[in-house]
Structures are given as structure tokens and as C-alpha cells.
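Just so it is clear: chains get the letters A, B, ... in the order the sequence lines come, proteins before strands, and each one is counted from 1.
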Amino acid sequence: MSVAHVYKRDHINTDEIIPARYLNTDDEAELARHCLEDLDKDFVSKVKEGDVIVAGEDFGCGSSREHAVWAIRGARVQTVIAKSFARIFYRNAINCGFYLIESAEGLEKINNGDELEVDYKAGLIKNKTADIDIKFNPLPDFALEIINDGGLLNHITKKQK
Amino acid sequence: MGMTITEKILARAAGKEKVAPGELIDASIDIVMCVDVTTPPAISMLAEKGIDKVFDREKIVVTPDHFQPAKDIKSAELHKRLDEWARRHKIKYYYKIGRAGVCHALLPEQGHIRPGEVIVGPDSHTCTYGAFAAFGTGIGSTDAAAAIATGELWFKVPASIKFVLNGSLGPGVYSKDVILSIIARIGVDGALYKAMEFVGPALAEMSMEARMTITNMAIEAGAKNGIIGFDNVTKQYLNEHLKDKTDYTVYESDKDAEYVSVEEFDCSAIEPMVALPPLPSSGVPIGKCAGKEMDQAYIGSCTNGRIEDLRIAAKILKGKAVAIRTIVVPATPTIWKQAKDEDLFDIFYDASCVIAAPTCGACLGGFMGVLAAGEKCISTTNRNFVGRMGHPKSEVYLASPATAAASAIEGKLADPREYL
């Protein structure tokens, strides 16, 4: 079961996702313990494997720290659904093999605690609680290729072979 | 249809005649900038994948800066990983402690930034280098790993927005006030995924230091890069700073290049600005916020920690005493020495400021000036997000070195024009 953690906010930034006071490590499990700490200090105790974060515009703005993606992935979140993503965060996620969903409707049609099922191939979010389907445009092919290879480094290693 | 300067640089890097916005390219990288917080993870990734190599040991520039000198055991471990790797690969330009400084001040100063080149680094303010008619953009650690190993990265060519800076800045008004005004108008995602190209007569009057403050904050509007064309001011700076490799190619935007929009600014009308927490886009003229009490002033960072910034602050602080704790952080060892030789340190000392060693430090809430709950800081840095400089209940107010210095004297937000 995937539960939605909804933050009705734009510009959730990398300092909120993982504050710089924790950047003295790149240990994913440790970063995960502080995921979204300055935005919602209870997030880490609430989140379960496969859950989804839902937010507004420009998610992940600010620093280039890939630690933001690692903290979210380390917290076992399966994806982030946002109206839009900041550029470096978006790029980092693709490079890490972490799928992000850009959806203009997500924030309006998903309430906190709703149960979701995501069909990445079909580009469909099923909101089982509200019993509605939300379509999204799957990532472009080049990004899917990187994600399917398990991230940029695997992708370039494969290309070089 | 012509091309913008950004498109031309990326076309050259991709080995193509022409590129268009939205096009995916594999670009060759001229410089990979490496720092302490985000490069060690890249090093570990490469080792893990068994591709522990560097594409060109002369095109990688390494400096610890975020938490240097090491602020705790964990950051010391990061520095150790960076140091071992840089020495093992015989990285030619490795600035060890004593010569290390805030990356975006250090690289231009040490002559590593050349027009027409593509510079990437795992720090979002890598867009600073656009002040030199170059393409600079911030990347993550995985990108950094790929760039280090292969010298190439994928990019989507950004569309460009043109910012025309007309008029002349008034006394007490600086390039920081210009960029805060721009971001206040377009918002923190006003240039998302785009190139911000700055042109106009107001730029011609600005030093390279002042221009770097503008391109530095392009990321605060969500941009991929900020860029300023080449002129005599650029040339003069390069003549003084380029060392080993002194040749470069100058690209200019074509007259018929395409822009998604054009924004005009009358710089004569800009007043000293303060970006209120918690977004860099919350800028207001000082008149609308003067008098708000502060607990700390911070003068430093890749945005405003260069010698010109310290001179501006010192001029205001001369013969005065600060009313709140005031931290001055020269961004590089050279700037530190210049400030000392110009007797700026005496002025800061006499005013009861503390002078720190070059570091990103408290700008990102690392160390050397972290805020407690409820504290407010007037800062010459680039971000004022929740918890940016410390406790999530602390607040950061962004401004120019002049406004920070005037506010330090009064202990509250103050108009620097009263101290000129």
C-alpha cells in the first residue's frame, strides 16, 4: 500500500529536504533519518516503504546536493509527484535512477493519506481512496533509458562496452 | 534564425554547427570544479563502479570549501577522501588548505575560467562563471562522477531570457540589489530550466566582481545558467588572472537570436534591496523594512565575499562599531591577504567584527556563524530558505555588503545611503 504525504506548498527546497547540517555524510540511511526534517519533523516516523510525496511547483529548488534525492530514496519513498521540479533536483533524480512524476493535477486530486497505485508505463496514478485516475506524461525516452539502466554511471558504463 | 551565446557555446561543446532550445546533446566539458561536500560521494561512486579514473588531470580543479577547515569528524573524513583521491590522480590544480577558498571566488581569481568554455561543478552556484561569457552550471554528484571519468555530460539546451539592464546604479546601490530586484520580479522559478542572459549599459559600468554577484544568483530564479557577454572589463580581468592557458574563444549572441522573453530594468530606479525570509524572491526596497532588529550580520560567500565587497563594507564600517555580532569571511586566501594589506582588517577589528578564514561556512548553516532559534541575520549570501543558516526558526535577510554593514552598525535593517 502506497500512502500519499501531501505538502500543499511550492518551492520545497533542498534545505528543507535535507538540511546542510547533515551534509557531512553521504550515508543514505543516515540522511534518510533527517528527510524533510525542517518541513515536517514527523515525516520520517510516518513514512512507509513505497509511499509517495506530493507537492506543488518547483520541488527541490536550491542546492545541487544529490543528498536530497538520496534522503528521499533512503526513506524508501517510491516517487515524488509535483507540479514541477527544480532543474538540478530533477536531473539528479534521473541520474540516480529515481523516477519523478510531473503532474499538474496531482496536488488537487490527491489528499494527505490517500492510497495510491502508480503505473509508470501507462503514465497513470490511481487514487484508490478517491477512486479516480490521474494521467501523467511518462519521462522522455532518454531519461527512461538512464533510469532503466539503473542510473547514469551504469548507463555510461554500458555505452562504453 | 541566429543563436544565443549559450547556444553557441553548447553547440561548440557538442561538436555541432547549430543547436536549438530543447535539443539533447552530449557536451564535452572544459573544467570540472570539485568541492568537499559533493565530490567525495562522486569519488566513492566511481570506485564502486570500478571506473576510478579521471578524464584529464589538468581539467579538474579541486578545492575544499563548504566545511573547510574541517568542522567536525565527519567532514574531516570527507576532506580525507577528497585529498587521497586528488593526490592519487595527481590533479594539477588542487588547492589545499591555506590556498583553498570558496570555489566560485577561487576559480576565476586563479585563472581557471575562460570565455566560451563549459564549466560544471557539484555546487548550484557554478552558474557564477557565466559572468565570463562562459557556460557554467551546477550538477549533482552522479553527474560530477560521470564528468570526472568521461569529460562529457548530457544537457538539454536551455531557451534564453534576455535581461536588459538600463540606466546607472545610484550611490549605495550595487549589483546585489539588481539581481535581488530581478528575482523579486520573476520569482524563484521565473527562469526555470532557462538561460538568463544579461545585457545593457548598466553592466558595462560593473566590475567582474559585481557581475559575478549577478550570475551567481541565476540559480535563485531556477535558471540553468546566467551569462554576460565579453567586453573590455572581461578582457582586463582575464589579462590579470589567466595563467597556464591564456587563449579562449569569444562568442556573442546573434542579433536575430531567439529569446522566450525580454525583461527590461531601469537600474537608476533600483534602491538597496533586502530579500525577506524565506525566499530570495521576497525582495523589498530597504525603505519598506528598515528598523527590523537583527542579531547577526554576515559578510562573505560566493555571492559577496570578494575584495570589492569587503572594501564596500569597510568603507561604511570605518570608525564605527557594530551593534550586533558581525562575521566577515574573505572568500579566498588571496582576498584575505588583499584585505589585510589594504588595512581593511584594522577597520573590521576596530568595529568589533570577527574575521574568519575562507569558507562557505555559515552561508549554508555549516559552521562559523550558525543561528539559534529565533535569531535574525542580515547576510550578503544567496539563500534565505527556512533553516538555511541554522535553526529552522531562525531567519535570513539577503542584501548587499553595504546594507549588511549599515545594518551591523545599527543592529537593525538600515539604509546604506545614510553612511556614504
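- Proximity to chain A involves both the backbone and the side chain of B:L364, based on heavy atoms less than 4.5 angstrom apart.
- Listed options B:N382, B:L279, B:T137 were ranked by heavy-atom pairs under 4.5 angstrom with chain A; first place goes to B:T137.
- Proximity to chain B (any heavy atom under 4.5 Å) is shown, for A:L39, by neither the backbone nor the side chain.
- Note that A:R91 lies in the cation-pi zone of B:W154, set by a 6.0 Å cut-off to the ring centre and a 45° limit from the axis.
- The aromatic ring centroids of B:F135 and B:F155 lie less than 6.0 Å from each other.
- For chain A, the nearby part of B:K49 is the side chain; its heavy atoms alone come within less than 4.5 Å.
- The residue among B:K224, B:R388, B:H125 with the most heavy atom pairs within less than 4.5 Å of chain A is B:K224.
- With a threshold of 4.5 angstrom between heavy atoms, A:T157 approaches chain B through side-chain atoms but not through N, CA, C or O.
- Ranking A:H67, A:R65, A:E16 against chain B, the residue ahead of the rest is A:H67, based on heavy-atom pairs under 4.5 Å.
- Of all the listed residues (B:I139, B:D36, B:T38), the one sharing the greatest number of non-hydrogen pairs under 4.5 Å with chain A is B:I139.
- Within 6.0 Å of CD on A:E108 lie more than 12 heavy atoms contributed by other residues, nucleotides or ligands.
- At distances below 3.5 Å, not a single donor-acceptor pair connects side-chain atoms of A:D149 with backbone N or O atoms of A:G151.
- Counting heavy-atom pairs under 4.5 Å between each of B:L24, B:D72, B:D123, B:V386 and chain A puts B:L24 at the top.
- Within the 4.5 angstrom heavy-atom criterion, only side-chain atoms of A:E30, from C-beta onward, approach chain B.
- Among A:L153, A:N154, A:N92, A:T25, the residue making the largest number of heavy-atom pairs under 4.5 Å with chain B is A:L153.
- Note on A:P19, A:G62, A:A20: by heavy-atom pairs under 4.5 Å with chain B, the leading option is A:G62.
- Geometric assessment of B:K71 against the ring of B:F67 yields a positive cation-pi assignment under the 6.0 Å and 45° thresholds.
- For chain B, no part of A:F89 is nearby; none of its heavy atoms comes within less than 4.5 Å.
- Checking side-chain atoms of A:S103 against main-chain N and O of A:F136 turns up no donor-acceptor pair under 3.5 Å.
- Between B:K16 and B:E23 a salt bridge is recorded (basic side-chain N to carboxylate O distance below 4.0 Å).
- Aromatic ring orientation, A:Y22 versus A:H34: parallel (interplanar angle below 30°, classes split at 30° and 60°).
- Only the side chain of A:S84 comes within less than 4.5 Å of a heavy atom in chain B; its backbone stays farther off.
- For the pair A:D40 and A:K46, the salt-bridge criterion is met [side-chain N within less than 4.0 Å of a carboxylate O].
- The parts of B:S141 that come within reach of chain A are both its backbone and its side chain, each placing non-hydrogen atoms under 4.5 angstrom from that chain.
- Interface remark: of the candidates B:D189, B:I73, B:V370, B:L192, B:D189 forms the most heavy-atom pairs closer than 4.5 Å to chain A.
- In this structure, chain B has no heavy atom under 4.5 Å from any part of A:K41.
- For A:D131 (side chain) and A:K128 (main-chain N/O), no donor-acceptor pair under 3.5 Å exists by modelled atom type.
- Heavy atoms of A:I88 lying under 4.5 Å from chain B belong exclusively to its side chain.
- Among B:L46, B:V37, B:T150, the residue with the largest count of heavy-atom pairs under 4.5 Å with chain A is B:V37.
- A donor-acceptor pair under 3.5 Å links the side-chain atoms of B:T215 to the main chain of B:T128, judged by distance alone.
- In this structure, B:K156 places its NZ atom where only 12 or fewer heavy-atom neighbours from other residues, nucleotides or ligands lie under 6.0 Å away.
- Using a cutoff of 4.0 Å between basic side-chain nitrogens and carboxylate oxygens, A:R21 and A:E37 are scored as salt-bridged.
- Contact annotation for B:A76: neither backbone nor side-chain heavy atoms come within less than 4.5 Å of a heavy atom of chain A.
- Among the candidates A:D10, A:L152, A:N13, the residue making the largest number of heavy-atom pairs closer than 4.5 Å to chain B is A:N13.
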